[in-house]
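Computed from a predicted structure; not experimentally measured. Quick note: residue numbers are just sequence positions, from 1.
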Amino acid sequence: METITFDSADLAVTEDFLSRAYARMGIGSSAPGTGRARVVRNGVPSAGVDELDLDFEMS
């Protein structure tokens, strides 16, 4: 399992990353100045753990 670190305040960049890493999705925010996302993936060859810190709502 590869280690990944992602950190961005750009929702378009975050949407692209999450769509490639997990599943196709669309994200957005109606509140100005929000949208930071931080993703860290650690693990061993047979399992991984992803820690997500998202500063916006998803549904």
- Message: Between Tyr22 and Leu54, is there shared hydrophobic-cluster membership here, with clusters defined by ILVMFWY side-chain heavy atoms closer than 4.5 Å?
- Response: yes
- Item | Option among Thr3, Val49, Ile4 that satisfies the side-chain contact (heavy atoms from CB on, under 4.5 Å) test with Asn42 | Thr3
- Message: Checking Arg20 now: which residues fulfil side-chain hydrogen bond (donor to acceptor under 3.5 Å, both in side chains) with it, not counting sequence neighbours?
- Response: Asp16
- Compare every heavy atom of Met25 with every heavy atom of Glu15, then report the nearest pair and how far apart it is. CG-O, 3.4 Å
- Note on the structure: Ile27 and Leu11 have their tightest heavy-atom pair at CD1-O, 3.6 Å
- Task: Could you list the residues that satisfy ring pair (Phe, Tyr, Trp, His ring centres under 6.0 Å) with Phe6, not counting sequence neighbours?
- Result: Phe17
- Item | Separation of Thr14 OG1 from Arg36 CZ (nearest 0.5 Å) | 8.5 Å
- Query: Is there a chain of hydrophobic side chains (I, L, V, M, F, W, Y, each step under 4.5 Å between heavy atoms) that links Val13 to Leu52?
  - Reply: yes
- Can you tell me how far CD of Glu51 sits from OG1 of Thr5, rounded to the nearest 0.5 angstrom? 10.5 Å
